[in-house]
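Everything below concerns the one structure shown next.
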Amino acid sequence: MVGGEVAASVEELVSGVRQAADFAEQFRSYSESEKQWKARMEFILRHLPDYRDPPDGGGRLDQLLSLSMVWANHLFLGCSYNKDLLDKVMEMADGIEVEDLPQFTTRSELMKKVMSRDDSPSFDTESSSKLRQLYHIATLGTGLERRPGWR
């Protein structure tokens, strides 16, 4: 009889996992690849019990979905966020294995590289123009596109 109870427990567990996965599926973005969605779904399912909405509402599930998007956007798209927020989502995602992540160069890294290359005394007009173009490209959409004296 013990074997039958174990089999019933396993079936109940499998059924619960399927229900949770089906529930999470409604939050998949149409633009997410299978790899991105599997990673984000694991993030959501891992923390779903802690972020269930109370009967009176409260938006806890929305908070979890937002945190999952922050994590996925940082990992797969290279987006940057407030350090405290990134620390929180990275801690929440601890142990989630994602293979073949893209490598990104941040704006700061790009500017350091350009400045170290162009830090020579023979900084001519052509180099200055290229630096301004790189700065413009690196700062698009940040509000830093226009600096006094830069054309």
Side-chain angles (χ1 to χ4, degrees), residues 6 9-55 57-120 123-124 126-151:
V6 171
S9 294
V10 169
E11 182 59 38
E12 186 177 320
L13 179 63
V14 168
S15 175
V17 169
R18 277 192 203 119
Q19 286 176 344
D22 289 344
F23 173 76
E25 188 66 35
Q26 68 183 312
F27 304 115
R28 181 177 183 174
S29 171
Y30 70 92
S31 62
E32 284 179 298
S33 69
E34 193 65 29
K35 180 166 97 174
Q36 291 169 341
W37 170 239
K38 283 184 179 185
R40 195 166 75 88
M41 183 169 66
E42 185 175 344
F43 184 100
I44 292 168
L45 292 177
R46 176 184 286 190
H47 299 286
L48 191 58
D50 299 329
Y51 283 86
R52 287 216 182 265
D53 284 338
R60 300 269 302 150
L61 181 58
D62 286 342
Q63 185 181 19
L64 174 61
L65 296 174
S66 297
L67 291 168
S68 74
M69 287 303 296
V70 165
W71 177 69
N73 288 347
H74 174 69
L75 224 57
F76 296 108
L77 303 177
C79 297
S80 59
Y81 297 91
N82 171 288
K83 182 184 177 338
D84 293 335
L85 178 59
L86 272 180
D87 289 346
K88 177 179 179 143
V89 296
M90 295 310 282
E91 181 181 323
M92 290 174 73
D94 189 41
I96 298 176
E97 297 292 325
V98 182
E99 295 181 6
D100 301 323
L101 286 173
Q103 298 295 316
F104 298 99
T105 303
T106 66
R107 179 176 51 243
S108 299
E109 292 168 338
L110 179 62
M111 293 307 291
K112 283 179 190 174
K113 186 176 179 180
V114 168
M115 293 305 284
S116 69
R117 216 177 352 163
D118 289 335
D119 202 21
S120 64
F123 194 69
D124 60 11
E126 184 180 337
S127 296
S128 178
S129 175
K130 287 180 182 176
L131 179 60
R132 281 195 299 273
Q133 288 173 349
L134 278 173
Y135 182 84
H136 176 74
I137 291 168
T139 59
L140 282 176
T142 64
L144 298 173
E145 295 94 348
R146 296 208 174 122
R147 299 286 255 196
W150 287 52
R151 294 185 184 153

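Sequential numbering from 1 along the given sequence is applied to the chain's residues.
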Please round to the nearest 0.5 Å and tell me the distance separating atom CG of Leu48 and atom CG of Leu64.
6.5 Å
Note, Val70 side chain near Asn73 side chain (heavy atom, < 4.5 Å):
no
Does Asp84 have any side-chain contact (heavy atoms from CB on, under 4.5 Å) partners at least two apart in sequence or in another chain, and if so, which?
Asn82
For Lys35, does the NZ atom have more than 12 heavy-atom neighbours from other residues, nucleotides or ligands under 6.0 Å away?
yes
My understanding is that only residues two or more places apart in sequence, or in another chain, count here; which of them pass side chain to side chain donor-acceptor pair (under 3.5 Å) with Glu32?
Arg40
Residue list, side-chain contact (heavy atoms from CB on, under 4.5 Å) with Glu25, at least two apart or on another chain:
Arg28, Trp37
Ser33 backbone acceptor or donor facing Gln36 side chain under 3.5 Å
yes
Rounded distance [0.5 Å steps], CG in Leu61 versus NE2 in His47
13.5 Å
With ring-ring contact (aromatic ring centres under 6.0 Å, His included) as the rule and sequence neighbours excluded, what pairs involving residues 64-89 come up?
Phe43-Trp71
Quick one: OG on Ser68 to CD on Glu42, what's the gap to the nearest 0.5 Å?
12.5 Å
With sequence neighbours excluded, tell me which residues meet salt bridge (charged side-chain N to carboxylate O under 4.0 Å, His left out) with Asp87.
Lys83
Listed by chain and number, what are the side-chain contact (heavy atoms from CB on, under 4.5 Å) partners of Ser31, not counting sequence neighbours?
Ser29
Show your working on side-chain contact (heavy atoms from CB on, under 4.5 Å) between Tyr51 and Ile44 and close with a plain yes or no.
CA-CA 9 Å; Tyr51 283 86; Ile44 292 168; over 6 Å; no
Got a sec, which pairs hit side chain to side chain donor-acceptor pair (under 3.5 Å) with one end in residues 90-101, sequence neighbours left out?
none
To the nearest 0.5 Å, tell me how far Met92 CE sits from Leu67 CG.
5.0 Å
Between Arg60 and Asp50, which heavy-atom pair has the shortest distance, and what is it?
NH2-O, 2.8 Å
